[in-house]
Structure formats: C-alpha cells, structure tokens
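Values in this document were obtained by computation on a predicted structure and should not be read as measured data. Chain letters run A, B, ... following the sequence lines, proteins first, then strands; residues in each count from 1.
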2 protein chains.
Amino acid sequence: MKDKNAEAKKIVNELLVDIFNRILIIEAEYMKKQNVKLSMNEIHVLEAIEKVEESSMSNIANKLHITVGSLTTAINTLYQKKYVVRDRDSEDRRKVIIKLTDLSYEVLKKHDLFHEQMIDSIFKELNVGEDKVLIESLRNLSSFFNR
Amino acid sequence: MKDKNAEAKKIVNELLVDIFNRILIIEAEYMKKQNVKLSMNEIHVLEAIEKVEESSMSNIANKLHITVGSLTTAINTLYQKKYVVRDRDSEDRRKVIIKLTDLSYEVLKKHDLFHEQMIDSIFKELNVGEDKVLIESLRNLSSFFNR
DNA sequence: TTCAAATATTTTGAATTTCAAAATATATAT
DNA sequence: ATATATATTTTGAAATTCAAAATATTTGAA
C-alpha cells in the first residue's frame, strides 16, 4: 500500500541526514573562529560535566555513551590543559568528582551562543503554536530511541 | 528583552542534542542485531557512494566531509571485505570510480529500513498539514549551516 | 571485626579513524 | 613539448575509542 506522506517523509529524512552530517563540522569551525583550542570531542566532555547531576567519572561517561576508561584519557588531557580539576568525593572516596575551571566556562559560553543562534534559526519563521508541532515531532523521534 | 519562546527553544535544543547523542549508538546496535559486520562509519561510506552522482573518490570524500586520503583507507578495507570494487573512468583515467557489490546493497537495505522506522515514528502523530511546519523548521536549520 | 564481593577508577595494549604533506599518475593548455 | 592542474595513494602521526587487567575503596555477611 502507498503511503500518502511518502514524499514528506523522504524530505524529512534527507534534511535530518544532512543536518546530522554537517552540524559537527560547522560547530567545530565556529568554535575555532572563536579562538577555542579544543576539539568538539573535548567540548562535549565539558558540556556533559556541566549538565550531569553529580559529575563523577561514571556519570559523565554514561552521559557521553563512552566507557569510563575512554573518559579517563579525555580528562587527563583536559586536566593538563587546565580545563578541569579532579576532586575525591569525601563521602565515598572511590569516586572522583570532576570540576570545571573558569577556562571551561568561557568555552561553554561560546558553545551555548552557537546553539542559541542555531535554535533561533529554526524559530525565526515559526508562527504561534507551531512550536508545539516541532516539539512533538522531536519527542517522538527521541522516544523512538528508547525501545 | 525577554524571549517569549524561551522555554520552547530550550526544549527543542535539548531534544536535538539528545537525538544527536543517541542516534549513532542506536543505529549501530540495530545494524549489529541485523548481523551487519560493518561499523557505522563504514556504512556511511557505502551510503555516500550510493547517493552521490558520480562515485569518484573526490566526490565521495566531499559528500562525507573527509579528506580523500582518509577515504582511501576506508575504501581499502571495504575492498578487502568485498563491499566495493574500484574502476578507472575510461574518459579520465585519473579518476577512480567506486562501485558497490551485492553485499553492500544488502547492508543498505537494512540501513534504509532503520531510517524508515525512525521517520515513521516522527510522523505517526502528525496531523494533516503539520508536516509542512516540520519541514520548514528543518530547512531553516539546514540553511543556517550554509552561511 | 574481618574478609569476600561489589563498585569506582585508572592503566595497558590495540584497533579505528582521521589529517597533512609527499609521491605518483594522468590530463590540459600554452 | 612541457609546465601546470587535477585525482588518487602513500606515509607518518595524532586523537579517540574499547576491552580487560590492575588498583583502591566500600559494603555486607559471617
């Protein structure tokens, strides 16, 4: 049986693939232009540390979907470059808590600005109430990944 | 000045980041479950070869936003595993044209199915005409990357 | 209390992916 | 003819990742 939305679906798929393929490259170029010396990978580590509830190694690695071992090497270089410090949790001394330095907050401010501009570009031609459709669609896509 | 859409924008940004962070992992799990032995990286190379107009090394690398040198190593292993063959362009013998084998088309069929299910999950609760809003939003985001 | 099991992290060794620059081959234009 | 441009591969190095082993600390049961 034919799908009446076939054409729209094809377009949405192509747009998503295109966006997905380009976002990292564009974001990296933008950050470089802002004089940020870190890779997108490193920036995403900082972002995860900022967003996660308790910034232990396990929690951060979990948020990033990488192993704790991989995170250790990432944190090692970020520590060397003075973007993070390591603290022991006083309650449970097995846990290492990662804290961001001011250097990191500068980077994250620039990163947030990029995302703001990106989101503004989506909203600029949206009419009242249309944001609901967009949010619902993205929620459906996100929950598709939960099964 | 306050932005009346501030809350909606925040939600859209979080959804996009979440989708972006998870899609590759979920897609990789799916392909593995379908008994595909290739990495997502390798699958995306096959996808680019299929989609590009003329599948020369330069065109493919361009589509993937990687250097031709990087592509050469990727094609080397895909050739070894019998997913592609190399042809010389008879018009211009500098060009190497990459062709997919049947093994690749099997993989791409499974990959397409994943994307179909993904897109269906977006459309399942969309009413008539609402797909226009979604397409317009994604188009705006995509063209934000063009500046 | 004490010690085995569980949990948190780091270390190690290897694979994959990537790049820039040099090398090679072919085509084009003067 | 030959210099220049274009297409690709090779080379050497860096970044990112993983799994498994090693280390440190906590927890729970005897």
Taking only the side-chain heavy atoms of [X] (C-beta and beyond), determine which of [options] contains the nearest atom.
| X | options | result |
| --- | --- | --- |
| A:Ser58 | C:dA8, C:dA27, D:dT26 | C:dA8 |
| A:Asp92 | D:dT26, C:dT10, D:dT10 | D:dT26 |
| A:Thr67 | D:dC18, D:dT9, C:dT18 | D:dC18 |
| A:Ser56 | C:dT10, C:dT9, C:dT18 | C:dT9 |
| A:Asn41 | C:dT11, D:dT16, C:dA8 | D:dT16 |
| B:Met57 | C:dA8, D:dT8, D:dT6 | D:dT8 |
| A:Thr72 | C:dA27, D:dT10, C:dT11 | C:dT11 |

Base, sugar-phosphate or nothing for [X]? Non-hydrogen atoms, less than 4.0 Å.
| X | answer |
| --- | --- |
| B:Val68 | base |
| B:Ser39 | sugar-phosphate |
| A:Arg88 | nothing |

- Basic-acidic side-chain contact under 4.0 Å: B:Asp18, B:Arg22: yes
- Item | Whether A:His111 and A:His44 hold their rings parallel, tilted or perpendicular, with breakpoints at 30° and 60° | perpendicular
Side-chain N or O of [X] closer than 4.0 Å to phosphate OP1/OP2 of [N]:
| X | N | answer |
| --- | --- | --- |
| A:Asn59 | C:dA8 | no |
| B:Ser70 | C:dT18 | no |
| A:Arg86 | C:dT10 | yes |

- Just by distance, do the side chain of B:Ser70 and the backbone of B:Ile66 share a donor-acceptor pair under 3.5 Å? no
